[in-house]
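All remarks here apply to the structure that follows.
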Number of protein chains: 2
Amino acid sequence: MQRELVHTSIMSSKDHPTADWIFSDVKKEIPKISFGTVYRNLGQLVEKGLIRIIQLDGIAHYDGNVAPHNHFICNECNSIYDFELDNEDFISQVEVKNHHHVSGYQLMLTGTCNKCNIN
Amino acid sequence: MQRELVHTSIMSSKDHPTADWIFSDVKKEIPKISFGTVYRNLGQLVEKGLIRIIQLDGIAHYDGNVAPHNHFICNECNSIYDFELDNEDFISQVEVKNHHHVSGYQLMLTGTCNKCNIN
DNA sequence: TATTAAATAGGAATGATTCCTATTTATATA
DNA sequence: TATATAAATAGGAATCATTCCTATTTAATA
Ligand SMILES: [Mn+2]
Ligand SMILES: [Mn+2]
Ligand SMILES: [Zn+2]
Ligand SMILES: [Zn+2]
């Protein structure tokens, strides 16, 4: 069952890896794994809610942290950082003002990360 | 200069169109326009800051509204709605707590839009 | 008008992702 | 255990949005 390995690969990376990265990583353990298998298992893990997918510039990154949280992308090193917000009252703002029903959200901040702005 | 037409197509659509939609739309005026031309001009318009690009599920949508605003995507009809927030204090929250420098953000809410939830 | 630069059409190339299929492996059942 | 059934897999072909390339056309400039 290589789905386990795909899953643990994501969990251990702690870094929102791409399918390509995961493929290379799992390949170390199982040299004859194929891309088809990686993508199929990624899809199943997403379905089961064990991981979530983050589209970024048209390529998919995977996140083992399924708890609601947000992402900060550094313009310089392209790292993806997690962060959380104290309040999520912007949701109720939108529900009240626009009359949409909000079931989820994705907030992506960009800028310069704390590693890169030590100039 | 077909860049004008590509631009006005986006502006008139008011609906965050894809490259494919824009291609079809401009084709009505200039039947022999090519995809290469559409993409090249879209890239130039983005560079000039006249439009902005919104990646959604791996395909690019274009937005003629370059003023900072956010997007709500309906899970049912897949429409993309604009909305604005009163305060953007979540930016300072992140700057204070995570010590990143924020230069931009993209908030995407999903749910059921006010058209679709009239049940 | 002659030169140079920008724009274009058309299609090939790319790259991530999905799809397909024959084969292998696990699971259930008699 | 032997057999039937279902799930998983490798490998590669197909897809599809986007980018790249090139010869040709059009605009701008001296
Ligand atoms: Mn994350
Ligand atoms: Mn918009
Ligand atoms: Zn950085
Ligand atoms: Zn809707």
Side-chain angles (χ1 to χ4, degrees), chain A residues 1-11 13 15-64 71 73 78-80 106 108 110, chain B residues 1-11 13 15-64 71 73 78-80 106 108 110:
Chain A
M1 188 75 66
Q2 332 196 266
R3 196 176 320 131
E4 314 276 332
L5 274 177
V6 170
H7 193 197
T8 55
S9 171
I10 296 171
M11 298 307 277
S13 97
D15 187 40
H16 309 94
T18 62
D20 190 65
W21 189 95
I22 296 162
F23 171 70
S24 302
D25 189 47
V26 176
K27 208 179 177 65
K28 294 171 193 164
E29 294 281 326
I30 308 174
K32 63 200 307 289
I33 195 172
S34 67
F35 253 110
T37 298
V38 170
Y39 275 110
R40 179 170 33 78
N41 284 320
L42 285 172
Q44 290 174 356
L45 289 169
V46 169
E47 267 185 20
K48 288 171 195 253
L50 294 173
I51 63 174
R52 72 157 150 156
I53 190 170
I54 303 169
Q55 286 285 351
L56 205 62
D57 281 323
I59 85 165
H61 294 246
Y62 297 88
D63 193 341
H71 295 104
I73 294 101
N78 292 308
S79 294
I80 305 174
Q106 180 190 31
M108 308 265 262
T110 53
Chain B
M1 188 73 65
Q2 333 195 266
R3 197 174 321 133
E4 315 275 333
L5 274 179
V6 170
H7 193 196
T8 55
S9 171
I10 296 171
M11 299 308 276
S13 98
D15 186 40
H16 310 92
T18 62
D20 190 66
W21 188 94
I22 296 163
F23 172 70
S24 301
D25 189 48
V26 176
K27 207 178 177 67
K28 295 172 192 164
E29 293 282 325
I30 309 173
K32 64 200 304 291
I33 196 172
S34 67
F35 253 110
T37 298
V38 170
Y39 274 110
R40 179 170 34 78
N41 284 321
L42 284 172
Q44 290 175 356
L45 290 169
V46 170
E47 267 186 20
K48 288 170 195 254
L50 295 173
I51 64 174
R52 73 157 148 153
I53 190 170
I54 302 170
Q55 286 287 351
L56 205 63
D57 281 323
I59 85 165
H61 295 245
Y62 296 89
D63 193 340
H71 296 104
I73 294 101
N78 291 307
S79 295
I80 304 174
Q106 181 191 30
M108 307 265 264
T110 52

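First the proteins, then the strands, lettered A, B, ... as listed; each starts at 1. Note that the structure is predicted; figures quoted are calculated from it, not measured.
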Once you round to the nearest 0.5 Å, how far does [atom1] of [X] lie from [atom2] of [Y]?
| X | Y | atom1 | atom2 | answer |
| --- | --- | --- | --- | --- |
| A:L5 | A:I33 | CG | CD1 | 7.0 Å |
| A:L45 | A:I53 | CG | CD1 | 11.5 Å |
| B:I51 | B:I22 | CD1 | CD1 | 6.5 Å |
| B:M108 | B:T110 | CE | OG1 | 9.5 Å |
| B:M11 | B:T8 | CE | OG1 | 9.5 Å |

Interface residues of residues 43-62 of chain A with DNA chain D (non-hydrogen, below 4.0 angstrom): none
Those residues of residues 22-35 of chain A lying under 4.0 Å from DNA chain D by at least one heavy atom: A:K32, A:I33, A:S34
pair [X]-[Y]: side-chain heavy atoms closer than 4.5 Å:
| X | Y | result |
| --- | --- | --- |
| B:T18 | B:I59 | yes |
| A:H16 | A:L56 | no |
| A:R3 | A:K48 | yes |
| A:L42 | A:I10 | yes |
| A:I30 | A:Q2 | yes |

5' to 3' on DNA chain C, which nucleotides open and close the contacts with chain B (atom under 4.0 Å from a heavy atom)? C:dA7 to C:dG10
Using the side-chain hydrogen bond (donor to acceptor under 3.5 Å, both in side chains) criterion, which residues pair with A:H7? Sequence neighbours excluded. none
Keeping to residues at least two apart or across chains, list the salt bridge (charged side-chain N to carboxylate O under 4.0 Å, His left out) pairs with something in residues 21-39 of chain A.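 Sorted result for residues 21-39 of chain A: A:D25-A:K28.
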End-to-end bend of the helix from C:dT1-D:dA30 to C:dA30-D:dT1 (five-pair axes, 10° rounding)? 20°
Quick one: label A:R40 by what it contacts on the DNA or RNA (base, sugar-phosphate, nothing), any heavy atom closer than 4.0 Å. base
Select base, sugar-phosphate, or nothing to describe what A:N41 touches, counting heavy atoms under 4.0 Å on all strands. sugar-phosphate
A:F23 and A:F35 aromatic ring geometry - parallel, tilted or perpendicular at 30°/60° bounds: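 The arrangement is parallel - the two ring planes meet at less than 30°.
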